[in-house]
Amino acid sequence: MVIRPMIRSNICMNAHPVGLAREVRKQIEYVKQRGRIPGPRRALVIGGSAGYGLASRIVAAWGCGAATVNVAYEKPASGSRTATVGWYNTEFLEDQARSEGFDVATIYGDAFSDEIKDETVALLRKSGAVDLVVYSLAAPIRTDPKSGETYRSVLKPVGEPFTARTIDTMTGEFRTVSAEPATEEEIEATVKVMGGEDWQLWIDRLLEENLLLPGAKSVAYSYIGPELVKRVYREGSIGKAKEHLEATAKELSRSMAALDGAAYVSVNKAVVTRASSVIPVVPLYGVILFRVMKEMGLHEGTIEQAYRLFADRLYAGDSVPVDEEGRIRIDDWEMRGDVQQRVRELFETVDDSNLRELTDIDEYHREFLRIHGFGVEGVDYDADVTP
Ligand code: NAD
């Protein structure tokens, strides 16, 4: 069948297998070109099918030569429905990896559940313990395996209502978005879903099962961002979850100390992923940031970030460089004074008359399509494909 993008409320509902195969190959080629770096021998990537997790997996394999196990919530095609983005990414990555002699495996299912943890443990008992655990889930919902209760995360401010101007990156229209503050219950639910509780369950379980090698590291991803997006991100409900994730890293480092291991939160740059496209206000900041960072020769996507994270932070030497809060900062270029100064200036002046001149809106939108396999150079989108 011919597959065209189906977009509803800024969410792309389908995916193009040929386009995604090319996009994964591009990331692999980038890493091959940058060359081998020290790193893990065996990595478990939780959420390794898209965005930051996918890029981390590619760096672990092609950059460091590691065997990789991925856990992701993805679905194959059925009938006329395409598979999910992460399913195509994973299947293509693994075909390619096997043809180059890498050891790869994926467990598809809900990483928050006990069943999927059991399955992963069973697999690792056979294939071997790991020395890196990347925790890169971005999920809207989690069922607590102990209580059976289901929690939904929200992207809302905390305390006061919030109103700001943003842009619809699909249409290029400016919009005003308002949000009422999250209730206590909603904040708690967001922390349950996106905080560190599940990361801790994973590490505790792997420790219990002796599946972490001496010197093992674990890393989970966070975001801070500037003043412009603070109310809705860092000071919002998601920020509370990220604070919890950061506190969890410290606790995990204590429990991993016996095997000379450590856990980190890495604060990453704002990029276009399926998760980030649903965060309010961030799109207007994003389209300006991308323009500014490109002009300054500093622009990065997930693969450039993941490579720099492994090469210059996690495996740079005897100690991992961190900020005063103990976090890895790979958002250093995004947060540079000159970058943020320029972003603020443009944020004040951008309107309908100069949108395309001052921002990267068209390319941002194309990037959104590309992460779903659409608009990829060299792909014949009129051709019949088997989903
Ligand atoms: P993404 O949507 O591209 O990927 C999310 C991954 O989580 C996918 O592999 C998906 O299969 C997996 N997943 C979701 N629910 C799952 C479940 N129940 N069980 C198993 N797997 C599940 O997201 P992303 O943007 O790469 O986000 C990953 C992390 O990076 C998040 O913690 C996010 O906050 C952080 N981060 C993102 C940005 C950004 O700009 N996108 C910036 C900094 C930090």
Side-chain angles (χ1 to χ4, degrees), residues 11-12 15 20 23 44-58 69-75 83-90 93 106-117 119-120 134-145 150-153 155 190 192-196 198-199 201-202 219-225 229 233-234 236-239 241-246 248-249 265-279 282-283 285-286 289-290 300-303 305-306 309 327-331 334-335 364 367-368 370-372:
I11 293 171
C12 186
L20 287 172
E23 286 296 286
L44 168 64
V45 185
I46 303 162
S49 66
Y52 272 120
L54 173 68
S56 308
R57 188 182 191 198
I58 292 174
V69 174
N70 162 40
V71 178
Y73 192 69
E74 304 293 350
K75 293 250 176 327
T84 56
V85 164
W87 192 87
Y88 289 131
N89 286 343
T90 301
L93 180 151
T106 285
I107 292 173
Y108 289 115
D110 180 7
F112 295 133
S113 70
D114 284 342
E115 293 72 26
I116 290 298
K117 289 186 179 74
E119 250 186 72
T120 310
V134 176
Y135 188 82
S136 187
L137 296 185
I141 184 169
R142 170 175 172 234
T143 299
D144 183 325
T150 297
Y151 297 90
R152 274 167 210 284
S153 63
L155 290 161
T190 307
K192 272 284 201 181
V193 181
M194 288 297 287
D198 181 63
W199 185 22
L201 290 175
W202 272 102
V219 65
Y221 297 139
S222 184
Y223 183 66
I224 294 181
V229 298
Y233 200 94
R234 196 62 196 189
S237 50
I238 183 72
K242 292 301 186 188
E243 276 170 20
H244 187 270
L245 191 75
E246 289 165 17
T248 304
V265 157
S266 171
V267 182
N268 297 355
K269 170 187 181 284
V271 292
V272 180
T273 65
R274 303 189 69 225
S276 67
S277 50
V278 296
I279 305 175
V282 172
Y285 168 69
L289 178 75
F290 279 29
E300 292 176 302
T302 53
I303 196 68
Q305 278 269 295
L309 169 65
R327 301 172 296 212
I328 295 173
R329 301 300 297 264
I330 205 76
D331 64 340
E334 169 179 353
M335 299 307 281
Y364 194 92
E367 176 73 11
F368 173 79
R370 276 197 302 269
I371 62 169
H372 297 89

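The first residue of the sequence shown is numbered 1, and numbering continues consecutively from there. Whatever order the structure lists ligands and atoms in, that order sets their numbers, starting from 1. All heavy atoms count here, side chains included; hydrogens, waters and symmetry mates do not.
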Min N/O separation Met194 to ligand 1 under 3.5 Å: no
Within-shell test, Lys242 vs ligand 1, heavy atom, strictly < 4.0 Å: yes
Backbone or side-chain N or O of Ala111 under 3.5 Å from ligand 1 N or O: yes
Any Ser222 heavy atom less than 4.0 Å to ligand 1: yes
Contact check: Gly47 vs ligand 1, nitrogen or oxygen atoms, below 3.5 angstrom: yes
Ring geometry between Tyr135 and Trp199 (parallel below 30°, tilted from 30 to 60°, perpendicular above 60°): parallel
Sub-4.0 Å heavy-atom approach of Gly109 to ligand 1: yes
Pairwise side-chain contact, Val134 with Arg57, heavy-atom cut-off 4.5 Å (strictly under): no
Ser49 N/O under 3.5 Å from ligand 1 N/O: yes
Spacing of CG belonging to Asn89 relative to CD1 belonging to Ile58, to within rounding of 0.5 Å: 7.5 Å
Side-chain donor-acceptor contact under 3.5 Å, Ser56 with Tyr221: yes
Proximal atoms of ligand 1 relative to Ser136 (non-hydrogen, under 4.0 Å): 5 (C), 6 (C), 7 (O), 28 (C), 29 (C)
Spacing of Lys242 atom NZ and Arg327 atom CZ [to the nearest 0.5 Å]: 12.0 Å
Part of Lys269 with heavy atoms under 4.0 Å of ligand 1, whether side chain, backbone, both or neither: backbone
Numbering as shown, the atoms of ligand 1 that approach Gly51 to under 4.0 Å (heavy-atom distance): 3 (O), 26 (O)
Of the listed options Tyr135, Tyr108, Tyr233, Tyr52, closest to atom 36 (N) of ligand 1 (non-hydrogen atoms): Tyr52
Distance-only donor-acceptor check, side chains Glu74 and Thr90, under 3.5 Å: no
Ala139: numbered ligand 1 atoms lying under 4.0 Å from its heavy atoms: 15 (N)
Nearest-neighbour protein heavy atom for atom 11 (O) of ligand 1, which is reported as residue plus atom name and distance: Glu74 OE2, 2.7 Å
Residues, nucleotides or ligands: over 12 heavy atoms within 6.0 Å of Tyr73 OH: no
Where Lys117 and Asp198 come nearest, the two heavy atoms and their spacing: NZ-OD1, 2.6 Å
Closest contact, heavy atoms only, Ala111 versus Leu137: CB-CD1, 4.0 Å
Polar atom proximity, Tyr223 to ligand 1 (N or O, under 3.5 Å): no
Minimum side-chain heavy-atom gap Glu300-Ile330 below 4.5 Å: no
Top protein contact for atom 27 (O) of ligand 1, by heavy-atom distance: Ala138 CB, 3.6 Å
Side-chain (Tyr88) to main-chain (Ala83) donor-acceptor, under 3.5 angstrom: yes
Region of Thr273 that comes within reach of ligand 1 [heavy atoms, distance under 4.0 Å]: side chain
Heteroatom proximity flag, Tyr73 to ligand 1, N/O under 3.5 Å: yes
Contacting atoms of ligand 1, where contact means under 4.0 angstrom from a heavy atom of Ala270: 40 (O)
Under 3.5 Å donor-acceptor, Arg370 side chain and Glu23 backbone: no
Ligand-side contact atoms (ligand 1) for residue partner Asp110, heavy atom cut-off under 4.0 Å: 17 (C), 18 (N), 19 (N)
Heavy-atom pair with the smallest gap, counting every atom of Tyr285 and Ala270: CE2-CB, 4.5 Å
Numbered atoms and elements of ligand 1 in range of Val271, under 4.0 angstrom, heavy atoms: 39 (C), 40 (O), 41 (N)
Leu137: numbered ligand 1 atoms lying under 4.0 Å from its heavy atoms: 7 (O), 12 (C), 13 (N), 20 (C), 21 (N), 22 (C), 31 (C), 32 (O)
Which residue and heavy atom of the protein sit nearest atom 30 (O) of ligand 1, plus the separation: Tyr221 CB, 3.4 Å
Ligand 1 atoms in contact with Phe112 (distance to a heavy atom under 4.0 Å): 18 (N)
Lys269 and Met335, any side-chain heavy atoms less than 4.5 Å apart: no
